[in-house]
Number of protein chains: 2
Amino acid sequence: MFVPSTLKDIASALGYSTSTISRALRDTYEISPETKKIIREYAQKINYRPNPIALSLKERRSKSIGVVVAEVANHYFSQAINGIESIAYDRGYHVIITQTHESYEREKINIQHLASRSVDGLLVSLSAETSDTAHLQDLHQKGLPMVFFDRITEDIVTHKVIANNEKGAFEATEHLIHQGYRRIAHLTSSAHLSISIERLDGYKKALAKHDIPFEQDYVKYCPHGGMFYQETENAVKELMNLKEKPDAIFVAGDRLSIDCLMVFKNLNIKTPQDIAITGFSNSDVLDLMNPSLTSIRQPAFEMGQIATQMLLKVIESKYPVYDFEKKVLDTSLYVR
Amino acid sequence: MFVPSTLKDIASALGYSTSTISRALRDTYEISPETKKIIREYAQKINYRPNPIALSLKERRSKSIGVVVAEVANHYFSQAINGIESIAYDRGYHVIITQTHESYEREKINIQHLASRSVDGLLVSLSAETSDTAHLQDLHQKGLPMVFFDRITEDIVTHKVIANNEKGAFEATEHLIHQGYRRIAHLTSSAHLSISIERLDGYKKALAKHDIPFEQDYVKYCPHGGMFYQETENAVKELMNLKEKPDAIFVAGDRLSIDCLMVFKNLNIKTPQDIAITGFSNSDVLDLMNPSLTSIRQPAFEMGQIATQMLLKVIESKYPVYDFEKKVLDTSLYVR
DNA sequence: AACACCTACGGCAACGATTGCGTATTTATT
DNA sequence: AATAAATACGCAATCGTTGCCGTAGGTGTT
């Protein structure tokens with residue numbers, strides 16, 4: 001079976017105590033240079049590595065951070081993860097990624113596991129199903145550092161990183177308006193998500209600015225954030241079956257945007273002839289899509305980096321942190 | 001700071017020894033029902049969870065498995081990861097995902113970390129840069145269970161799960177031949193990867209069957225598996241600059257296929273007018289692509305599941321395992 | 001010469017949970 | 001009544017590592 005070598009192995013092989021070995025390898029002044037040399041060469045030879053599990057137990061920290069996202073097969077999240085890793089690795093932290101698949105239950109289990117697994121902190125983007133954040137509040141109040149990004153909650157006072165969703169949604173909607181569309185629908189994720197609320201606001205403000213009345217019927221929610229194709233198809237069908245059929249649609253999510261295009265394809269809805277579309281998406285292959293998609297892109301990589309920097313600052317702070325920041329980054333509009 | 005409650009906390013709160021607490025919670029017969037009740041209710045109240053780090057240290061296993069893939073932003077891998085998680089989760093194992101970004105150095109670091117972090121086993125798909133597997137052979141020979149999937153090596157005797165790459169490549173190439181193409185190029189990842197070799201074989205066999213001579217100039221390698229756009233663009237340019245320009249191209253990778261389409265778009269190469277294309281890809285949005293892409297799809301989710309089942313069988317075996325299997329799953333051709 | 005003071009290392013405890021063994025008290029058996 | 005057996009718990013070791021304390025032998029000081 002797989003048994004890595006330990007301090008004890010070196011100690012009994014060389015006839016020293018484990019303390020001496022440990023000190024020699026950690027370069028303490030108390031060990032003579034000759035002894036150090038012997039010990040180090042032997043450690044090198046047998047490829048000794050300190051057991052991080054033992055260290056975690058002793059030091060009560062693991063030099064690792066947990067990440068909670070909806071799914072990695074989402075360009076926004078995979079880019080954010082790359083940003084997270086770029087900072088974490090530089091600072092000697094390891095990254096444990098977990099997926100909720102937009103499920104509240106899964107989120108609770110993953111977070112519980114990460115916490116008990118002694119991650120030093122958490123980077124969280126809430127699942128579409130999550131409205132109750134008690135599981136997080138509990139851990140946060142016990143002192144586990146956490147930073148929210150993208151899908152945040154106001155219930156927990158900590159660092160947060162988001163895109164300027166309202167402005168992005170405003171620009172996307174106004175882009176449609178400038179192109180002459182007036183009956184603009186809005187397809188979004190679950191109603192309680194922060195991003196849904198903010199993007200809905202931006203959408204409403206764009207309508208208001210151009211004196212277009214807001215119609216509740218034009219807003220369709222996908223409580224599972226488009227995890228099920230049927231959910232998206234039903235929403236689109238409902239929109240297309242309205243007596244006053246929309247002539248454009250603003251989609252508020254990465255997965256949702258792609259799914260929406262697939263629904264169009266399957267229902268043989270042509271864009272922009274039958275309906276125009278813009279949406280939030282970080283997919284790098286949108287240029288290849290047909291129907292094409294004018295998109296609002298979030299600085300995902302950078303958001304991951306900033307969130308990680310904030311988290312590490314809290315983790316490594318000697319004193320409790322009470323001063324928190326909400327960082328808002330601008331989106332950009334890619335017209336296609 | 002964040003300090004979870006321990007057995008000792010319960011013990012001193014209730015006036016028992018830690019042994020009694022431990023046994024009460026683990027339902028040993030030696031503890032009286034009344035005592036158990038008291039202890040359990042208190043544990044429930046303070047939301048006690050056994051510290052997995054301490055357990056890992058003692059039991060020398062972590063109930064977690066490490067996964068090494070090129071990148072999660074790749075539909076083949078993200079689907080495989082979902083398959084892995086579906087099995088691991090059911091069996092009480094946790095999954096730690098790491099990305100190599102096709103870098104050999106990163107692969108070595110990730111694997112070293114996973115091993116020392118006491119994962120019970122490894123699911124590995126090699127990076128495009130990796131030709132030397134000494135870092136894995138070392139761990140494997142020391143007894144760390146590992147299963148390879150997709151990009152495998154023959155240097156290590158263990159379970160392996162792959163798609164029938166040769167057959168898939170054969171079908172893809174023959175599909176092009178059946179459509180009347182004769183000058184068929186082949187764009188692939190780094191030359192030493194198992195998938196590259198197998199797919200090249202299938203490509204050659206299809207040519208041979210139809211009496212089309214194989215031309216070395218028609219095969220272009222991307223040593224970094226398409227991690228850099230320029231690499232792909234250069235390869236495509238080289239193909240298009242040949243005096244006998246190819247009329248079709250068979251692309252041997254998920255990322256590569258998408259990148260190739262982007263190159264076409266940027267260089268204003270029309271398909272299928274200028275050149276036809278088929279490629280390996282598990283992207284679920286290929287239907288939306290323009291130019292479109294006839295694709296060979298691997299059963300990624302299932303491959304992840306099977307690899308995980310194999311790994312857990314090795315991990316949980318009481319005796320050393322010497323009997324290994326190479327499972328080959330069929331691909332499917334999606335004509336577009 | 002008597003003392004302090006280094007040098008270079010060893011021993012022990014602790015982190016949290018489990019477990020084999022020991023044991024005091026009660027209950028059952030003959 | 002004496003002995004055996006069962007009950008219900010505590011003690012201590014263990015996993016790998018580090019930190020505090022101790023100390024034998026050597027060196028330096030006055």
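We name chains A, B, ... by the order of the sequence lines, and we start the count at 1 in each one. Only heavy atoms go into these numbers, but all of them, side chains included; no hydrogens, no water, no symmetry mates.
Between the CG atom of B:Leu55 and the P atom of C:dC15 there is a distance of 16 Å, rounded to whole Å. Atom-to-atom, NZ of B:Lys58 to P of D:dC15 comes out at 8 Å; the value is rounded to the nearest Å. C:dA8 atom P lies 16 Å from atom NZ of A:Lys37, rounded to whole Å. In this entry the distance linking OH of A:Tyr16 with C1' of C:dG11 reads 17 Å, nearest Å. Across the protein-nucleic acid pair, B:Ile39 atom CD1 and C:dA17 atom P stand 14 Å apart, rounded to whole Å. Atoms CG (B:Leu57) and P (D:dT17) sit 9 Å apart, rounded to a whole Å. Taking atom CD1 of residue B:Ile46 and atom C1' of nucleotide C:dG16, one finds them 14 Å apart after rounding to whole Å. Here the C1' atom of nucleotide C:dC15 and the CD atom of A:Glu59 are 10 Å apart, to the nearest Å.
Here A:Glu154 pairs with A:Lys326 in a salt bridge; the nearest charged N to carboxylate O distance falls below 4.0 Å. Checked for salt-bridge contact, B:Lys45 and B:Glu41 miss the test: no charged N lies under 4.0 Å from a carboxylate O.
Distances shorter than 4.0 Å separate some side-chain N or O of B:Ser17 from OP1 or OP2 on D:dG10. Remark: B:Lys8 is in phosphate contact with C:dC15, judged by side-chain N or O atoms under 4.0 Å from OP1 or OP2. Of the side-chain N and O atoms in A:Tyr48, one or more sit less than 4.0 angstrom from OP1 or OP2 of D:dT17. Note on B:Arg60: every side-chain N or O is 4.0 Å or more away from OP1 and OP2 of D:dT14.
Across all strands, A:Arg61 comes closer than 4.0 Å to no nucleic acid atom at all (heavy-atom distances). Among the heavy atoms of the strands lying under 4.0 Å from B:Leu7 is at least one base atom, whether or not backbone atoms are also near.
Side-chain polar atoms of A:Ser78 and B:Glu71 form no donor-acceptor pair below 3.5 angstrom.
Side chains of A:Glu129 and A:Arg106 form no contact here, defined as non-hydrogen atoms less than 4.5 Å apart.
Each of B:Val68, B:Asn110, B:Leu114 was evaluated against B:Ile96; a single residue qualifies, B:Leu114, per the side chain to side chain contact (heavy atoms under 4.5 Å, CB included) test. Considering B:Val147, B:Thr308, B:Leu122, B:Ile87 as possible partners of B:Ile65, the one that fulfils the side chain to side chain contact (heavy atoms under 4.5 Å, CB included) test is B:Thr308.
Map B:Thr18 and B:Lys36 each onto its nearest nucleotide of DNA chain D; the residue landing nearer the 5' end is B:Lys36.
Non-hydrogen atoms lying under 4.0 Å from DNA chain D are contributed by B:Ser19, B:Thr20, B:Arg23, B:Glu30, B:Ile31, B:Ser32, B:Thr35, all within residues 19-35 of chain B.
A parallel orientation is assigned to the rings of A:His94 and B:His113, their planes being inclined by less than 30° (bins at 30° and 60°).
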